[in-house]
Amino acid sequence: MTAQAPTPAPSRFPAGRLAFPHRDLTAIARLERHEILFLLDEARQWVDWNRRAGRHSELLAGLTIINAFFENSTRTLLSFEIAGKRLGADVVNMHAAQSSVKKGETLIDTAITLNAMRADAIVIRHGSSGATQLIADKVDCPVLNAGDGSHEHPTQALLDALALLEALGREDLTGLAVTICGDVLHSRVARSNLLCLQALGATVRLCAPPALMPAGVEAMGAQVFHDFGAALAGADVVMMLRLQQERMSGQFIPSAREYHQLYGLTRQRLALAAPDALVMHPGPMNRGVEIDSEVADLLDRSIITRQVEMGVAVRMACLDVLTRTRRGVEGWA
Ligand code: NCD
């Protein structure tokens, strides 16, 4: 049986102009607080719907969505694919390893090729910061950033925010202290989360060894720590990040064992945070390096699988909202 798609909730956002006036979703940095809240509200409708049987809608029937992934992915690619299919779109995945990129085609030529196939939305993951915007500037359809280098990963930040709001039963994150620890330097997740969490009212503490902390994050409003214990003191949420070896040229840490000793989230360390502090990780996890299994699997504290679940709802909302203009949805056309 096909479940009926939820009717869009009446928007509580700016009267007289589009609640989401952007064609693309390339960076949280380009969004205003009310636009983030709008996408999260839209995503919330799909959370319950996704838990029901027969979760198939024809909302995007007849549209073609291309997932162009130039970097490996499990969660992001799968959830974009599931999101598009649940909404009835034709979803095509392009893996760079099997594409003409390996034959020397430039990113721009690939973009022009995808555009010529008249995609209705293109989802891109690429190893270079700014690649998504470069493609967005060359094509005629909405472009969604599924992670570009160490720049941004906007849908990850949105799903992390939704997972937190749902877990805490809150409307925003005012007054919450969130500690993000790991390879902040190479992490697009950290950057997007810093912007998104702050926009929703949280205080963000970034913690990393000096070599893995980018310059200038204080100017973006972050509190910077190199001592994990100090960063954890009284934190309401602890988000752990993987060491992004694939983006490191040279040696950034002495060894995984020493890294774990200083920056691994163990049960003892978690006790330094607030008593009910929630544990998050965008995945993929390196158990025993940045996070211990007994912490990652804590049933009452870890919301790691909830993050994955929210990912599908958030991506459904983004695909829906960004294709409204071309679908001629009333008020958006
Ligand atoms: C992250 C990414 O690709 O940026 N993963 C994800 O999308 N869930 C984080 C990572 O790779 O460490």
Side-chain angles (χ1 to χ4, degrees), residues 25-29 43 67-84 93 95-97 123-133 143-164 178-197 204 206-209 212-214 237-248 252-253 256 259-260 263-265 279-291 296 302-316 318-319:
L25 178 60
T26 53
I28 296 289
N67 293 324
F69 275 59
F70 298 84
E71 264 193 355
N72 293 341
S73 173
T74 305
R75 276 152 285 265
T76 308
L77 175 58
L78 266 180
S79 64
F80 263 115
E81 182 173 0
I82 291 170
N93 294 336
H95 301 277
V123 180
I124 296 167
R125 166 166 288 197
H126 198 281
S128 303
S129 304
T132 320
Q133 191 57 53
V143 170
L144 293 91
N145 182 1
D148 62 332
S150 44
H151 175 229
E152 278 232 34
H153 192 351
T155 57
Q156 180 70 41
L158 291 170
L159 75 87
D160 288 338
L162 188 61
L164 271 179
V178 182
T179 299
I180 303 179
C181 179
D183 180 359
V184 180
L185 179 67
H186 299 104
S187 177
R188 51 201 178 201
V189 176
R191 178 185 287 265
S192 289
N193 260 302
L194 171 62
L195 298 167
C196 188
L197 292 167
V204 180
L206 296 178
C207 178
L212 293 176
M213 181 66 78
V237 180
V238 187
M239 184 186 293
M240 300 306 295
L241 302 172
R242 181 176 68 88
L243 290 166
Q244 309 235 328
Q245 306 282 2
E246 74 276 25
R247 289 186 222 293
M248 295 182 191
F252 279 77
I253 55 154
Y259 180 82
H260 176 263
Y263 295 101
L265 188 62
V279 174
M280 304 179 78
H281 195 305
M285 279 188 276
N286 286 321
R287 291 171 181 262
V289 182
E290 75 274 11
I291 190 165
S302 167
I303 58 166
I304 295 171
T305 49
R306 193 192 283 249
Q307 289 173 264
V308 178
E309 184 189 8
M310 294 304 123
V312 177
V314 159
R315 285 156 185 146
M316 288 171 83
C318 293
L319 290 173

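Everything numeric in this text was worked out from a predicted model, so none of it was measured. Counting starts at 1 for both ligands and their atoms, in listed order.
- Ranking the protein heavy atoms by distance from atom 7 (O) of ligand 1 puts H153 NE2, 2.8 Å first.
- In this view, R315 satisfies the salt bridge (Lys or Arg N to Asp or Glu O under 4.0 Å) rule with no residue, not counting sequence neighbours.
- In terms of heavy-atom proximity, N93 sits nearest to N67 at OD1-ND2, 2.8 Å.
- Of all the atoms in ligand 1, the ones that sit under 4.0 Å from a non-hydrogen atom of R125 are 2 (C), 3 (O), 7 (O).
- Among all protein heavy atoms, the one lying closest to atom 10 (C) of ligand 1 is Q244 NE2, 3.2 Å.
- Counting heavy atoms from C-beta outward, Q307 and M310 have side chains that stay 4.5 Å or more apart.
- For E71, no heavy-atom contact with ligand 1 is shorter than 4.0 Å.
- Put simply, the side chain of S129 never gets that close to the backbone of G149: no donor and acceptor are under 3.5 Å apart.
- The aromatic rings of F252 and H186 sit perpendicular to each other, their planes meeting at more than 60°, with 30° as the lower class boundary.
- Among all protein heavy atoms, the one lying closest to atom 8 (N) of ligand 1 is P282 O, 2.9 Å.
- Distances below 4.0 Å separate heavy atoms of Q156 from the following atoms of ligand 1: 6 (C), 7 (O), 8 (N).
- Taking 4.0 Å as the cut-off, G147 does not count as a neighbour of ligand 1 on heavy-atom distance.
- Atoms of ligand 1 lying under 4.0 Å from any heavy atom of V189, numbered from 1 in the order shown and given with element: 1 (C), 4 (O), 9 (C).
- Looking at atom 4 (O) of ligand 1, its nearest protein heavy atom turns out to be R188 NE, 2.7 Å.
- For P284, the closest heavy-atom approach to ligand 1 falls below 4.0 Å.
- Counting protein heavy atoms only, atom 6 (C) of ligand 1 is closest to G283 O, 3.6 Å.
- Between the side chain of E152 and the main chain of A29, a donor-acceptor pair closer than 3.5 Å is present.
- In this view, E71 and R188, R247 satisfy the salt bridge (Lys or Arg N to Asp or Glu O under 4.0 Å) rule, not counting sequence neighbours.
- Proximity of a side-chain donor or acceptor of D148 to a complementary backbone N or O of G130 within less than 3.5 Å is detected.
- Taking atom 11 (O) of ligand 1 as the reference point, the nearest protein heavy-atom neighbour is R242 NH2, 2.8 Å.
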